[in-house]
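Single-structure report; data block below.
Small disclaimer: the values here were computed from a predicted structure and weren't measured. Both ligands and their constituent atoms are indexed starting at 1 by order of listing.
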Amino acid sequence: MNKKITILGIESSCDETAVSIVQEENGKIKILSNIVSSQFDIHREFGGVVPELAARAHVEKIDLIAEKAISESKINIEDIDAVAATAGPGLIVCLTVGLNFGKTISASLSKPFIAVNHLEGHALSPKLNTNLKFPYLLLLISGGHTQYLSVENLGNYKRLGTTIDDALGEAFDKTAKIIGIEFPGGPKIEKYAKQGDGNRFNLPKPILNRGGCNLSFAGLKTAILRIQSEIKNEQDKFDLAASFQKTVEKILYEKTKIAFKMYLNQNKNFKKTFVVAGGVAANKGIKDKLTKLSEDNKFECIFPDISLCSDNAAMIALVGLEKYKKKLFDKLNFKVNPRWQLDEKAQFLKGAGVKI
Ligand code: KG4
Ligand code: ZN
């Protein structure tokens, strides 16, 4: 039998308004449309995302983006099987826009509604371009989260390590700001780094030799703030960007080695698959370094397609698809959950005095 499942996905957790249609036919997943509208121009003058402005832009754009996604997919809206929308984590005012929009479509078409954890979207995203199977070790590196997780099944996550302060994407963005690169600066650090000397500045690698595969990036930012007064010309900026990029690569390299061991310690029969996902997974230097480490440790290393690293709705529709197959539907009174974690049993590890 030719079985088709078609899911409409909606994402609005931060500063991207996104709608996508994903379809599975005979076990093969296809992205029929994937429309993302970024709000960089709105937030640039403030040097970061302003929640109220982001929410307003979602309200203004979401129906247009949805219309575009539906028309590009060439499906008839009545033919979708379910609506999936991000319910958290993220900015509450932003999440509310997409979640309510999704609930409205679901109610008006009488189709099941599925609330999606944004991080689960990142976690599963390589399934859109590879034949990824559970279980696997995940390094999630985005603007708000940095975690090593053992992904055992849909909805079954065990956190092995986390940042105890800043997320890695945040560290990239803050470094860019200090160097004087316009928001969103994170992706540009890598370009600057290519022209610089990574050995020029010696930056700290906090908790490198303790705390298992927990990570810390706040000390790096403080060190860069101190160096700021030495930055006089473009070459200094390139050198600082290169030193930051090199330090981050080294930290991830060492912490991933520990995460490999911790993952296999749980179950030595776990498949040696290592997934790196989230916005920072678009960083080529990190990708090359972690791919090499994986090869040396006989792990298969999988990254999402670069177009699917940063926030998008295809990954949300994908989680919707997986949940749909298990009939994991949600009620229309499902509340936004701005702090929704993948491993809800994991200990809170942020702030002064935390023991790692
Ligand atoms: O996953 P994402 O799109 O949004 C969140 O869920 O947070 O990640 C955005 C983060 C930003 O901090 C951005 O600076 C960072 O990913 N990012 C990068 C690169 N591309 C995006 N960081 C380093 N190198 C890149 N090439
Ligand atoms: Zn994200």
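The Zn ion (ligand 2) has an N, O or S atom of H118 closer than 2.8 Å. Among the atoms of H122, an N, O or S atom falls under 2.8 Å from the Zn ion (ligand 2).
Contact between G144 and ligand 1 is present, with at least one heavy atom of the residue lying under 4.0 Å from the ligand. Ligand 1 lies nowhere less than 4.0 angstrom from a heavy atom belonging to C14.
Here the heavy atom of the protein found nearest to atom 7 (O) of ligand 1 is G143 N, 2.8 Å. Protein heavy atom nearest atom 26 (N) of ligand 1, with residue, atom name and distance: E190 OE1, 3.5 Å. Among all protein heavy atoms, the one lying closest to atom 13 (C) of ligand 1 is D173 OD1, 3.7 Å. The nearest heavy-atom contact from the protein to atom 3 (O) of ligand 1 is D311 N, 3.0 Å.
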Using salt bridge (charged side-chain N to carboxylate O under 4.0 Å, His left out), reason through D288 and K292 one step at a time and then give a plain yes or no. CA-CA 6 Å; D288 291 348; K292 171 79 177 60; over 6 Å; no
Salt bridge (charged side-chain N to carboxylate O under 4.0 Å, His left out) for K111 and E78? Distances and angles first, verdict last. CA-CA 9 Å; K111 303 284 179 176; E78 278 82 30; over 6 Å; no
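Residue contacts with ligand 1, taken as heavy atom pairs separated by less than 4.0 Å, involve H122 solely via side-chain atoms from C-beta onward. Contacts between N283 and ligand 1, counted as non-hydrogen atom pairs separated by less than 4.0 Å, involve both the backbone and the side chain. Only the side chain of H118 comes within 4.0 Å of ligand 1, counting heavy atoms alone; its backbone N, CA, C and O stay farther away.
Listed by first and then second residue, the salt bridge (Lys or Arg N to Asp or Glu O under 4.0 Å) pairs that reach into residues 28-44 are D41-R44, R44-E182, sequence neighbours excluded.
Polar contact with ligand 1: absent for F172 (N/O pair, distance under 3.5 Å).
Less than 4.0 angstrom separates some heavy atom of G169 from each of these atoms of ligand 1: 12 (O). Close approach to V280 involves these atoms of ligand 1, each under 4.0 Å from a residue heavy atom: 15 (C), 16 (O), 18 (C), 22 (N), 23 (C). Close contacts of ligand 1 with S310, meaning ligand atoms under 4.0 Å from a residue heavy atom, involve 3 (O).
No side-chain N or O of Y148 forms a donor-acceptor pair with one of T162 less than 3.5 Å apart. Between the side chains of E152 and S150, at least one donor N or O lies within less than 3.5 Å of an accepting N or O.
Each of F238, F201, Y192, F172 was checked for a ring-ring contact (aromatic ring centres under 6.0 Å, His included) with F244, and the lone residue meeting it is F172.
Between K221 and D165, no side-chain nitrogen of the basic residue sits less than 4.0 Å from a carboxylate oxygen of the acidic one, so the salt-bridge criterion is not met. In summary, K237 and E234 engage in a salt bridge, as defined by a charged side-chain N under 4.0 Å from a carboxylate O.
Aromatic ring orientation, H118 versus H122: perpendicular (interplanar angle above 60°, classes split at 30° and 60°). Ring geometry, F274 versus F260: the interplanar angle exceeds 60°, so the pair is classed perpendicular (tilted spans 30 to 60°).
Listed by chain and number, the residues in a ring pair (Phe, Tyr, Trp, His ring centres under 6.0 Å) with H58 amount to none (sequence neighbours excluded).
For the residues G278, G279, P187, the heavy atom positioned nearest atom 8 (O) of ligand 1 is part of G279.
The nearest N/O/S atom of D311 to the Zn ion (ligand 2) is OD1.
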